[in-house]
Amino acid sequence: MKHNKHDRPIAAATDAARRSACPGLLRVVAARDGGLCRIRLPGGVLASTEAHAVAEAARAHASGVIELTNRANVQLRGVRAGHERALGEALLRAGLGPDTPAPASGDDESASTHAEIADDLRNLMLSPLAGSDPGALFDTTTLTAPILHLLQHEARFAALSPKFALLADGGERLAALDHPHDIWLAAATHGERLMFMFGLAGGPGDAALGAIEPQDVPTLLRALLHAFLDLAEAGQRRMRDVRASHGSEAVLLQAQRYLNFTPTRDEAVRQWRRTPVDTAARLGTHALRADGSGYVGAQPALGRLDAATLDALASLAQSHGAATLRITPWQGVLLPGVASHQLAPTLTQLSALGLITECAAPLARLIACAGSEGCAKSRADTKADALRLAARLRQNAPAEAHLSGCERSCAAAHRAAWTLLAVAPDCYDLYARDEAAAGFGRLVAPHLTIDAAADVLSPRPRSIPNA
Ligand code: SF4
């Protein structure tokens, strides 16, 4: 294999940075509450049979606590020491691992290295309605296999960070537009044609860099990945780093060396804006088709559920839906393919399982990282504090708030309207989203208790003095 000065061979991906970067199916990372195992779900798709397997693995090898992540993945907490290998094997048997290319040599270490890297190269996000929204412009589920094949079968891409993330948006009525991705694509009408807009280090809420024909998606992605690796300097692991150093135009110019076509960059591309979405549609019942069939959405409090609940969800999807769960970037779940007469009963059952099914509930708008129970870096018990905060917030309080145990912001890929950054136990700095300010936004109130934060986020109506 030939390497230029920027090209790192596959062995480079086994370095300490990769191992400590983030958990994977075959790389259980130590946390305060035990091992952490992340199961990447390209497109957020989890078949009922796979969900049962995850629940069983969580019981047999971990604490039983299952988390839905903001990248529409699933992770198991509290993996027991000595169970890592058995857990990985159980998940691979269930079909939840990568479609690994054959290692160059037949030894065990090489095989496990390849499998670990292939598992990392599966960060593809789709709308949770991909393939089931008849109003979408393009069925992006058809892109999953070619994109994963591209990522996993070109040796040079093993040098990509395990966090390097791609988005393919089909124009569905539900999508997370504010989550940043290293490379994003979005189906759009361009005159009479269907095209894919694309951009770097952002999402379809941003202006597009160019547009291509749908059949050119894998070729463009390949070119942009090579351009990223060509331009990345030491320590630059994400597209935002390269864009900050070189600018988007330089990345596209470099990518052009790998293309035999030129992306469209006309006025229509410059003017394009993604149709806004109402993220409230992630919860409740929604008809999609003329026969009234559709989907039901819900979310577990703070993205966590236990194995029994996941089993129940999987069974419900089997009996009432398309035998598939779609994990959402709002740490929730959709059941697609539900017949019209089953929509309301399915919602009732989800509610009976303890899931949140309506946006008015304060917990529908709160997210929190693992906190001090699960993470040594946390300065407060964010999960418990979020529950206390929810109990103090009024129904329909407008605030979407994120409780973060430290500056790393594991629970939020985007910038929340409000962020409570832990300073000490039951002590938080409150930030308001502000495009003019870096990080979490503008500091509006330092050192608040949870009770004080509730008063700011959800002020009680003033009492009307007696006349
Ligand atoms: S945000 Fe900080 S405290 Fe919270 S889980 Fe991540 S690293 Fe730990």
Side-chain angles (χ1 to χ4, degrees), residues 42-44 70-72 123-144 147 164-218 220-221 224 238-240 243 248-249 251-252 255 263-283 286 288 295 297 326-332 334 336 359 400 412-417 433 435:
N70 58 41
R71 293 274 176 200
N123 295 323
L124 172 64
M125 188 180 279
L126 309 178
S127 159
L129 290 178
S132 57
D133 181 358
L137 297 169
F138 193 90
D139 178 357
T140 54
T141 60
T142 61
L143 295 173
T144 303
I147 290 176
F164 204 93
L166 311 176
L167 170 77
D169 167 32
E172 296 85 358
R173 67 184 70 187
L174 184 59
L177 303 183
D178 55 354
H179 285 213
H181 304 267
D182 292 274
I183 302 172
W184 61 266
L185 295 130
T189 48
H190 182 277
E192 298 294 303
R193 289 147 68 202
L194 174 70
M195 299 191 82
F196 269 90
M197 304 288 167
F198 66 89
L200 308 175
D206 303 329
L209 189 57
I212 55 163
E213 303 283 346
Q215 69 270 18
D216 292 329
V217 165
L220 175 82
L221 279 178
L224 289 172
R238 305 296 298 274
M239 187 64 87
R240 62 173 178 262
R243 191 179 67 173
S248 296
E249 292 297 328
V251 178
L252 189 54
T264 301
R265 308 186 70 198
D266 58 15
E267 189 57 24
V269 172
R270 278 188 286 278
Q271 294 295 326
W272 175 81
R273 292 293 177 271
R274 209 295 188 181
T275 308
V277 300
D278 178 6
T279 57
R282 71 189 190 278
L283 300 176
H286 300 273
L288 289 175
Y295 72 94
R326 304 297 294 265
I327 309 303
T328 76
W330 303 280
Q331 297 180 269
L334 301 190
C359 286
E400 177 220 8
H414 67 301
R415 203 188 287 191
R433 184 167 54 209
E435 297 311 323

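Note that the numbering runs from 1 along the sequence shown for the chain. Note that the coordinates shown come from a computational prediction; the quantities given were computed from them, not determined experimentally.
Using modelled atom types, one side-chain atom of R433 and one backbone atom of R415 make a donor-acceptor pair closer than 3.5 Å. Between the side chain of R265 and the backbone N or O of L209, at least one donor-acceptor pair lies under 3.5 Å. With R326 contributing its side chain and A130 its backbone, the two residues share a donor-acceptor pair below 3.5 Å. Side chain of S127 to backbone of A175: no donor-acceptor contact under 3.5 angstrom is found.
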* Test side chain to side chain donor-acceptor pair (under 3.5 Å) on N123 and H181 and set out the steps. => CA-CA 10 Å; N123 295 323; H181 304 267; over 6 Å; no
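To the nearest 0.5 Å, atoms CZ (R173) and OH (Y295) are separated by 7.0 Å. Here N70 contributes atom CG and T328 contributes atom OG1; the two are 10.0 Å apart, rounded to the nearest 0.5 Å. Put simply, OG on S248 and CG on D206 are 10.0 Å apart, with the number rounded to the nearest 0.5 Å. In this structure, R71 CZ and L167 CG are separated by 9.0 Å, a value rounded to the nearest 0.5 Å. Of the inter-residue distances, the one linking T264 atom OG1 with F196 atom CZ reads 14.0 Å to the nearest 0.5 angstrom. Taken from CE in M195 to CD1 in I212, the straight-line distance is 7.5 Å, to the nearest 0.5 Å.
Contacts of R238 classified as salt bridge (Lys or Arg N to Asp or Glu O under 4.0 Å), with partners at least two apart in sequence or in another chain: D182.
Among all heavy-atom pairs drawn from R243 and L200, the shortest one is NH1-O, 3.0 Å. Of all heavy-atom pairs spanning F198 and A211, the tightest one is CE2-N, 3.5 Å. For the pair M197 and A208, the tightest heavy-atom approach, listed with the atom from each and the gap, is CB-CB, 3.8 Å. Between G131 and D139, the shortest heavy-atom contact is CA-OD1, 3.3 Å. Of all heavy-atom pairs spanning L174 and T279, the tightest one is CD1-CA, 4.1 Å. Nearest heavy atoms, P204 versus A186: CB-CB, 4.1 Å.
Contact annotation: the side chain of L185 approaches that of L220 to within less than 4.5 Å [non-hydrogen atoms, C-beta and beyond]. At a threshold of 4.5 Å between non-hydrogen side-chain atoms, the residues P329 and P128 count as touching. A heavy-atom distance below 4.5 Å is not found between the side chains of P336 and L129. Using a 4.5 Å heavy-atom threshold, the side chains of F164 and I183 count as touching. Counting only heavy atoms from C-beta outward, the side chains of W184 and D169 never approach each other to under 4.5 Å.
Pairs of residues two or more places apart, or lying in two chains, that qualify as salt bridge (charged side-chain N to carboxylate O under 4.0 Å, His left out) and include a residue from residues 193-203 are R193-E213.
Aromatic ring orientation, H414 versus H179: parallel (interplanar angle below 30°, classes split at 30° and 60°).
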